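Heads up, the thing below is written out as structure tokens.
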There are 2 protein chains.
Amino acid sequence: MPTSTVENYLKQIYIDQPTDEATMMPMGRLASAVGVTPGTATAMIKTMTESDLVVYEPRTGVRLSPEGESLALQVLRRHRLVELWLVEILGLDWSEVHEEAEVLEHAISDKVLARIDALLGHPTVDPHGDPIPTADGDVVARAHTSLPRCETDKPLRIVRIADQDPEFLTYADQNGLVPGARLIVERRDRIADAVTIRVGGHDPITLGTSAAERLLVEPADGQTADPR
Amino acid sequence: MPTSTVENYLKQIYIDQPTDEATMMPMGRLASAVGVTPGTATAMIKTMTESDLVVYEPRTGVRLSPEGESLALQVLRRHRLVELWLVEILGLDWSEVHEEAEVLEHAISDKVLARIDALLGHPTVDPHGDPIPTADGDVVARAHTSLPRCETDKPLRIVRIADQDPEFLTYADQNGLVPGARLIVERRDRIADAVTIRVGGHDPITLGTSAAERLLVEPADGQTADPR
DNA sequence: TTTCTGACTTTGACAAGCCAAAGTCGCAGT
DNA sequence: ACTGCGACTTTGGCTTGTCAAAGTCAGAAA
């Protein structure tokens, strides 16, 4: 059984994969993702290499082995199911559940997880729209586009908010920017580096591109199922 | 914040208090309760003395300080609420929840605990009949008698099963020996060191005194409230 | 091509917990 | 009062995970 420290390293490496390339994560980035000094990360990754959880190339970076990826997916599954449980059943605010889940994900047994999964009706996405890996490690990712890359004046629906920062999430929530919400891009301004959108009945909002990038959307022409 | 190791030591010291005497727990017993060697316990208790969580007298034993007791009660509250949640909401078997709760009790935040408490309707006893301390550290213990000390032929009700061993609990469950169940003592046999009881509609069962001691009961003359 | 710089690795040290084994104490029994 | 033995404490050592600081490398800049 991996320790919870090892689980965290695995999770961070997995999350860092931008698409699904077999690309290497630089040690510096891993270190700051996990919240340790680079030296610590190097040491940890070396021992994880012994257990065949990762592939490590000095001065290049680190990548998950198949076993490592499978473990990372289990951790992610626990994390996201717990988040959803906290929101749906216990009624916590979606902006604050990430922290809680961060601890709980290392304490939940398979048996309890299975019950929670059933209680929630075998959901496929967490409160932020992130996909929940299945018990056998499949991730059914929804196709989506980052907001700044969308055409203007087309109906869109938010699939996912790719940020865990409570401040950002609270802001999003207050402006109706939750998974499932419908919106259109009114204007894109390259010079101001901003995107103006209109959500449901609300007034238009203007977001900087870097914030807008964290909103992932899909076309909302017909009546596609709500992601939750 | 105390580590989960410290929380476990505190919990074991608290649980060991037979009644509510300010008596000392011998180090040997603490060590085996926590599952470490005596030397480890001595070392740990010394550092806990520094933080004023316990009062330690070399070669005599250890006792909780007021701060220690308050912390122990918080841990116990988490443990027992989690146990009840596992049984009532997730539908796990009461014989197996102790192990699960042992881990979860160190991972649940106050906020989540409060939600679970509310979800369960602010319960006062866990699935084994053990009292759940209130958020501010009060324990409302139900008066009870150990089965072998009861009169024969009087109606009794099980208040509590003072054992966490899954095997014993499964046996108890299969024989209807759950908190709230009614029974009468048919016979006590000093020589055979046994007690014969009859539970509800079941056939009579004969238990050794040491097993019967773990069943705590109260008189069931009138219609007292069910402990759950 | 050489140098410089920033990213990475190595090294030494530390804290928390733990064990095994040696040392010490107190009390029951003579 | 003395002796033994069992319970307790001490000592030395191990593992995991961490940091700080010194050392090294590779690629950008010259």
Side-chain angles (χ1 to χ4, degrees), chain A residues 1-18 23-64 67-68 71-72 75 102-107, chain B residues 1-14 16-18 23-64 67-68 71-72 75 102-103 105-107:
Chain A
M1 334 283 113
T3 65
S4 64
T5 306
V6 168
E7 289 188 344
N8 277 331
Y9 278 81
L10 291 172
K11 190 180 56 170
Q12 294 303 338
I13 300 170
Y14 181 89
I15 291 174
D16 187 71
Q17 298 175 2
T23 177
M24 302 241 119
M25 180 177 195
M27 297 305 283
R29 188 152 68 201
L30 173 58
S32 71
V34 175
V36 297
T37 59
T40 303
T42 300
M44 191 67 216
I45 288 301
K46 277 190 184 171
T47 80
M48 286 171 68
T49 304
E50 317 269 272
S51 348
D52 281 319
L53 294 172
V54 293
V55 178
Y56 170 52
E57 281 183 28
R59 298 189 185 269
T60 303
V62 68
R63 164 170 42 94
L64 293 176
E67 306 92 273
L71 262 172
V75 178
E102 207 66 20
V103 183
L104 256 1
E105 71 187 3
H106 306 297
Chain B
M1 335 285 111
T3 65
S4 63
T5 306
V6 168
E7 288 187 344
N8 278 329
Y9 278 81
L10 291 172
K11 190 180 57 170
Q12 294 302 338
I13 300 171
Y14 182 89
D16 186 72
Q17 299 176 2
T23 177
M24 301 242 123
M25 181 178 194
M27 297 305 283
R29 188 151 68 202
L30 173 59
S32 71
V34 175
V36 296
T37 59
T40 303
T42 300
M44 191 67 216
I45 288 302
K46 275 190 184 172
T47 80
M48 287 171 67
T49 305
E50 318 267 272
S51 347
D52 280 320
L53 294 173
V54 293
V55 177
Y56 170 52
E57 280 182 30
R59 298 188 185 269
T60 302
V62 68
R63 163 170 42 93
L64 293 176
E67 305 92 272
L71 263 173
V75 178
E102 207 65 21
V103 183
E105 72 187 1
H106 306 297

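Note on naming: letters A, B, ... go to the chains in the order of the sequence lines (proteins, then strands), and numbering restarts at 1 for each one. Keep in mind it's a predicted model, so treat the numbers as computed, not measured.
Scanning both residues, B:Met25 and B:Ile13, for their nearest heavy atoms gives SD-CA, 3.8 Å.
Taking the side chain as every heavy atom from C-beta outward, A:Tyr56 and A:Met27 approach each other to under 4.5 Å. Side-chain contact between B:Leu30 and B:Asp16 is absent, with no heavy-atom pair separated by less than 4.5 Å. A heavy-atom distance below 4.5 Å is not found between the side chains of A:Asn8 and A:Val75. Residues A:Met44 and A:Val6 form a side-chain contact, since some pair of their non-hydrogen atoms from C-beta on lies under 4.5 Å apart.
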Can you list the steps and then say if A:Leu10 with A:Val54 is a side chain to side chain contact (heavy atoms under 4.5 Å, CB included)?
CA-CA 8 Å; A:Leu10 291 172; A:Val54 293; 4.3 Å; yes
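B:Gln17 contributes atom CD, which lies 10.5 Å from atom CE of B:Met24 (distance to the nearest 0.5 angstrom). A distance of 9.0 Å separates OH in B:Tyr14 from CG in B:Leu64, rounded to the nearest 0.5 Å. The CD atom of B:Glu57 sits 6.5 Å away from atom CZ of B:Arg63, with the distance rounded to the nearest 0.5 Å. To the nearest 0.5 Å, atoms CD (B:Glu105) and NZ (B:Lys11) are separated by 3.5 Å.
Interface residues of residues 52-60 of chain A facing DNA chain D, ordered by number: A:Arg59; criterion, heavy-atom separation under 4.0 Å. Scanning residues 33-46 of chain A for heavy-atom distances under 4.0 Å to DNA chain C yields A:Pro38, A:Gly39, A:Thr42, A:Lys46. DNA chain C lies under 4.0 Å from at least one heavy atom of each of the following residues of residues 3-10 of chain B: B:Thr3, B:Thr5, B:Tyr9.
A:Glu7 pairs by the side-chain hydrogen bond (donor to acceptor under 3.5 Å, both in side chains) definition with A:Arg78, A:His106, not counting sequence neighbours. Scanning for side-chain hydrogen bond (donor to acceptor under 3.5 Å, both in side chains) contacts around A:Thr37 gives A:Thr40, with sequence neighbours left out.
Between the CE atom of A:Met27 and the C1' atom of D:dT18 there is a distance of 15 Å, rounded to whole Å.
Contact footprint of chain B on DNA chain C: nucleotides with an atom under 4.0 Å from a non-hydrogen protein atom, first to last in 5' to 3' order, C:dG17 to C:dC25.
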